[in-house]
*Asks:* 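Take this structure first; my questions come after.
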Amino acid sequence: LYHRALLELDDSKNVLALEDLNKVIELSPDNAAALFNRAMLKGNTGNIRGAMEDYDKVLSLNPNNILVYYNRAGLKYKNKDLKGALNDFDKAIELFPEFADAYNNRAMIKRELNNLTGSQDDEKRAVEIQHTAYTQNDSLKYGESIRLMKLITLNSDFKNKDDLEE
């Protein structure tokens, strides 16, 4: 069911994907990967409240996942919650200080909050990170990749694997 839902998402079959993700979560309520994908789907289809609830649940299961903070910040921004978005971008950067996109987005919010110095500092830091990423040797890039993978991995244990196959 889970893999079918991912395929349905790829094919823009949102209703079918949502049904399958709901079933996976019903069978395995602490499956952070299914909750994360459902949150993205809900957010992309305008169900901001439902997406936020799913992201909150994912964070209760995986409190150091930078992508959850990053995506939730985007939803908060769309919902005009600039301070909430700023807090989530802050957390994503705290967990992974080399997250250039988070710096760029945080700079945009700081600019909207009239913190021009903070905005410029974040834009400068994002450029520095991007420049460093292009000039690092492969062993340094590998080390950062391993660290990043630990920060984006989701708990996706399936409680009843046999029930999830179709």
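Any value given below was found using the heavy atoms of this structure, including those in side chains, with hydrogens, waters and symmetry copies removed. The model shown is predicted, which means the values in this text are computed figures rather than measured ones.
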*Asks:* Extract all donor-acceptor atom pairs below 3.5 Å that involve side chains of residues 80-87 and protein atoms in other chains or at least two apart in sequence.
*Replies:*
unit_1: Asp81; atom_1: OD1; unit_2: Gly84; atom_2: N; d: 2.9
unit_1: Asn87; atom_1: ND2; unit_2: Lys83; atom_2: O; d: 3.3

*Asks:* Using atom types as modelled and distance alone, determine if a side-chain donor or acceptor of Tyr69 lies under 3.5 Å from a backbone N or O of Pro63.
*Replies:* yes

*Asks:* Is a side-chain N or O of Ser28 found less than 3.5 angstrom from the main chain of Val24, in a donor-acceptor match?
*Replies:* no

*Asks:* State the CG-CG distance between Leu61 and Asp30, to the nearest 0.5 angstrom.
*Replies:* 5.0 Å

*Asks:* Show me, pair by pair, the donor-acceptor contacts under 3.5 angstrom made by side chains of residues 99-113, not counting sequence neighbours?
*Replies:*
unit_1: Tyr103; atom_1: OH; unit_2: Pro97; atom_2: O; d: 3.4
unit_1: Asn105; atom_1: ND2; unit_2: Tyr70; atom_2: OH; d: 2.8
unit_1: Asn105; atom_1: ND2; unit_2: Asp101; atom_2: O; d: 3.2
unit_1: Arg106; atom_1: NE; unit_2: Asp122; atom_2: OD2; d: 2.6
unit_1: Arg106; atom_1: NH1; unit_2: Asp90; atom_2: OD1; d: 2.8
unit_1: Arg106; atom_1: NH2; unit_2: Asp122; atom_2: OD1; d: 2.8
unit_1: Arg106; atom_1: NH2; unit_2: Asp122; atom_2: OD2; d: 3.4
unit_1: Lys110; atom_1: NZ; unit_2: Asp122; atom_2: OD2; d: 3.2
unit_1: Arg111; atom_1: NH1; unit_2: Ser119; atom_2: OG; d: 2.9
unit_1: Arg111; atom_1: NH1; unit_2: Glu123; atom_2: OE2; d: 2.6
unit_1: Glu112; atom_1: OE2; unit_2: Tyr77; atom_2: OH; d: 2.3

*Asks:* Rounded to the nearest 0.5 Å, how far apart are CG of Leu18 and NZ of Lys23?
*Replies:* 14.0 Å

*Asks:* Donor-acceptor pairs under 3.5 Å, side chain of residues 34-52 to any protein atom, not counting sequence neighbours: which ones?
*Replies:*
unit_1: Asn37; atom_1: ND2; unit_2: Tyr2; atom_2: OH; d: 2.9
unit_1: Asn37; atom_1: ND2; unit_2: Ala33; atom_2: O; d: 2.9
unit_1: Arg38; atom_1: NE; unit_2: Asp54; atom_2: OD2; d: 2.7
unit_1: Arg38; atom_1: NH1; unit_2: Asn22; atom_2: OD1; d: 2.8
unit_1: Arg38; atom_1: NH2; unit_2: Asp54; atom_2: OD1; d: 2.8
unit_1: Lys42; atom_1: NZ; unit_2: Asp54; atom_2: OD2; d: 3.3
unit_1: Asn44; atom_1: ND2; unit_2: Met40; atom_2: O; d: 3.2
unit_1: Thr45; atom_1: OG1; unit_2: Leu41; atom_2: O; d: 2.9
unit_1: Thr45; atom_1: OG1; unit_2: Lys42; atom_2: O; d: 3.3
unit_1: Asn47; atom_1: OD1; unit_2: Gly50; atom_2: N; d: 2.8

*Asks:* Starting from Leu6, can I reach Leu16 by hopping between I/L/V/M/F/W/Y residues whose side chains sit under 4.5 Å apart?
*Replies:* no

*Asks:* Quick one: does any side-chain atom of Asn62 pair with a main-chain N or O of Asn65 as donor and acceptor, under 3.5 Å?
*Replies:* no

*Asks:* Please round to the nearest 0.5 Å and tell me the distance separating atom CD of Glu98 and atom CD1 of Ile129.
*Replies:* 6.5 Å

*Asks:* For the atom pair CD (Glu8) and CG (Leu21), what is the distance rounded to the nearest 0.5 Å?
*Replies:* 8.0 Å

*Asks:* So how far is it from Ile25 CD1 to Leu1 CG, rounded to the nearest 0.5 Å?
*Replies:* 11.5 Å

*Asks:* Are Asp56 and Arg72 close enough, and set up right, to give a side chain to side chain contact (heavy atoms under 4.5 Å, CB included), and what steps lead you there?
*Replies:* CA-CA 9 Å; Asp56 290 346; Arg72 192 174 71 171; 2.6 Å; yes

*Asks:* Nearest heavy-atom pair of Phe89 and Gly74: which atoms, and what distance?
*Replies:* CZ-N, 4.4 Å

*Asks:* Of all the heavy-atom pairs spanning Ala5 and Ala17, show the shortest one and how long it is.
*Replies:* O-CB, 3.6 Å

